[in-house]
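For reference, the structure discussed in these notes is given below.
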Amino acid sequence: MSFAIHRRAIHRRAVLAAAAGAAGLLALGASALAQTVTLRLSAPATPTDQRAVALTEVFGPAIKGFATFEPHWNATLFKQGTELEAIARGNLDMSITSAQELATLIPAWSIFTAGYLLRDADHQKKVFQSDAMDGLKKMAEDKLGVKLLTVMYLGRRQLNLRTEKEVKTPADLAGVKLRMPATEAWLFLGSALGANPLPVAFTELYTALQTGAIDGQENPLPTDKDSKFYEVTKQIVLTSHLVDQNYLAISKKVWDKFTPDQQKALLKAADDAAEVGRQRQLKLETDLEQFFKDQGLKVYTPDVDAFRKKVQADYLTSKFAKDWPAGIVDKINAIK
Ligand code: KDO
């Protein structure tokens with residue numbers, strides 16, 4: 001009997017100890033989790049791209065108290081264009097996505113793939129923060145499980161060619177093999193510019209230019225510098241055909257696990273990083289014209305009105321326009 005009592009007592013003590021241990025572990029686990037939620041981001045951007053630098057220097061440190069930012073640049077974790085699917089499947093927490101990628105899954109998003117729509121970096125930011133975006137942001141959350149934290153300014157996209165012939169109007173691009181990122185909306189933009197668009201991944205772009213597989217590409221000046229495209233091209237034509245934007249995206253499931261205060265901090269960290277990146281990109285855009293000239297490239301402005309007229313007309317009559325939210329072009333234009 002006493003033995004039985006003793007055994008029961010030992011058993012109870014053991015169970016209590018185990019429970020206490022488990023509770024301790026749970027408590028530890030919870031606090032450890034709270035402090036070490038790892039946010040893995042994958043993007044094709046290089047680590048020296050100003051968006052990458054701003055996220056590493058501003059976003060990561062700002063959320064350090066409750067999350068660890070773990071970026072993977074140069075598309076080392078997921079190939080360009082596969083990140084949204086990876087987030088939807090729960091294999092990735094964050095990415096820097098584009099309207100073109102969102103549009104492959106939600107056609108209404110193609111509104112922001114249209115050339116000569118957004119006027120500049122400030123207009124882009126105001127449009128993202130306006131209620132014109134509410135429906136589109138909600139679609140991304142409901143259909144893809146992706147929350148867009150902020151808009152990141154990539155810059156005005158310019159033509160960058162390895163050919164020498166001067167380009168004044170879209171007609172001068174006839175037959176020019178122009179690399180575009182590999183989505184339908186990007187390829188449409190290439191045709192609207194008058195060129196013959198070819199899909200090539202960003203990570204393969206330098207080699208494609210070097211080998212002559214393509215005649216040119218289009219990206220903002222800071223990207224041309226950062227990825228050294230000037231080494232393998234001869235001219236930059238300042239068409240400014242797209243005020244390009246990327247969105248800092250996070251899995252909605254991951255987002256929902258954070259407390260309201262942490263969510264507020266995440267949004268602020270994202271906006272602060274985007275602002276730092278935006279200002280640096282804008283400064284680079286101003287400074288770099290001379291850099292490229294010094295590298296021996298021709299840099300000049302074509303007949304931008306001719307490009308604008310053709311590109312806008314092509315978009316308004318395109319199949320994409322049928323999916324745009326009613327009245328959104330007027331709403332975007334009215335944002336000052
Ligand atoms: C590109 O592939 O040309 C592009 O500029 C498209 C953007 O939307 C974005 O994906 C960007 O590449 C990458 O972030 C690399 O800078």
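No experiment lies behind these values; they were computed from the predicted model shown. Each ligand, and each atom within it, is numbered from 1 in the order the structure gives.
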key: 4.0 Å heavy-atom contact, Leu154 with ligand 1   = yes
task = Please check if atom NZ in Lys264 has more than 12 non-hydrogen atoms from other residues, nucleotides or ligands closer than 6.0 Å.
result = no
note = Numbered in order shown, the ligand 1 atoms found under 4.0 Å of a heavy atom of Asp49 are 16 (O)
request  = Quick one: look up the protein heavy atom nearest atom 3 (O) of ligand 1 and list residue, atom name and how far away it is.
outcome  = Arg179 NH1, 2.7 Å
Using a 3.5 Å cut-off and no angle test, enumerate the donor-acceptor pairs between side-chain atoms of residues 128-136 and protein atoms at least two apart in sequence or in another chain.
from: Ser130; atom 1: OG; to: Val127; atom 2: O; distance (Å): 2.8
from: Ser130; atom 1: OG; to: Ala132; atom 2: N; distance (Å): 3.2

message = If only side-chain N and O atoms count, and only distance matters, is there a donor-acceptor pair under 3.5 Å linking Tyr300 with Gln235?
response = yes
inquiry  = For Ala43, state whether at least one heavy atom is located under 4.0 Å from any atom of ligand 1.
reply    = no
request  = For Thr169 and Asp303, test the side chains for any donor-to-acceptor distance below 3.5 angstrom and give the result as yes or no.
outcome  = no
ask   = So which heavy atom in the protein is nearest atom 5 (O) of ligand 1, and how far is it from that ligand atom?
value = Asn219 OD1, 2.7 Å
ask   = So which heavy atom in the protein is nearest atom 12 (O) of ligand 1, and how far is it from that ligand atom?
value = Gln80 NE2, 3.6 Å
message = Any heavy atom of Arg157 closer to ligand 1 than 4.0 angstrom?
response = yes
query = Hey, what's the ring geometry for Trp109 with Phe112, parallel, tilted or perpendicular (30° and 60° as the breaks)?
reply = tilted
Top protein contact for atom 14 (O) of ligand 1, by heavy-atom distance = Arg51 NH2, 3.0 Å
key: Numbered atoms and elements of ligand 1 in range of Pro44, under 4.0 angstrom, heavy atoms   = 13 (C)
ask   = Nearest to atom 9 (C) of ligand 1, what protein heavy atom do you find, and at what distance?
value = Asn246 OD1, 3.5 Å
message = With heavy-atom distances below 4.0 Å as the criterion, list the atoms of ligand 1 near Ser98.
response = 8 (O)
ask   = Crowded around Lys309 NZ? As in, over 12 foreign heavy atoms under 6.0 Å?
value = no
ask   = Looking at Asp224, Thr233, Asn160, which one forms a side chain to side chain contact (heavy atoms under 4.5 Å, CB included) with Phe292?
value = Asp224
Side-chain H-bond candidate by donor/acceptor type, Trp186 with Thr113, under 3.5 Å = no
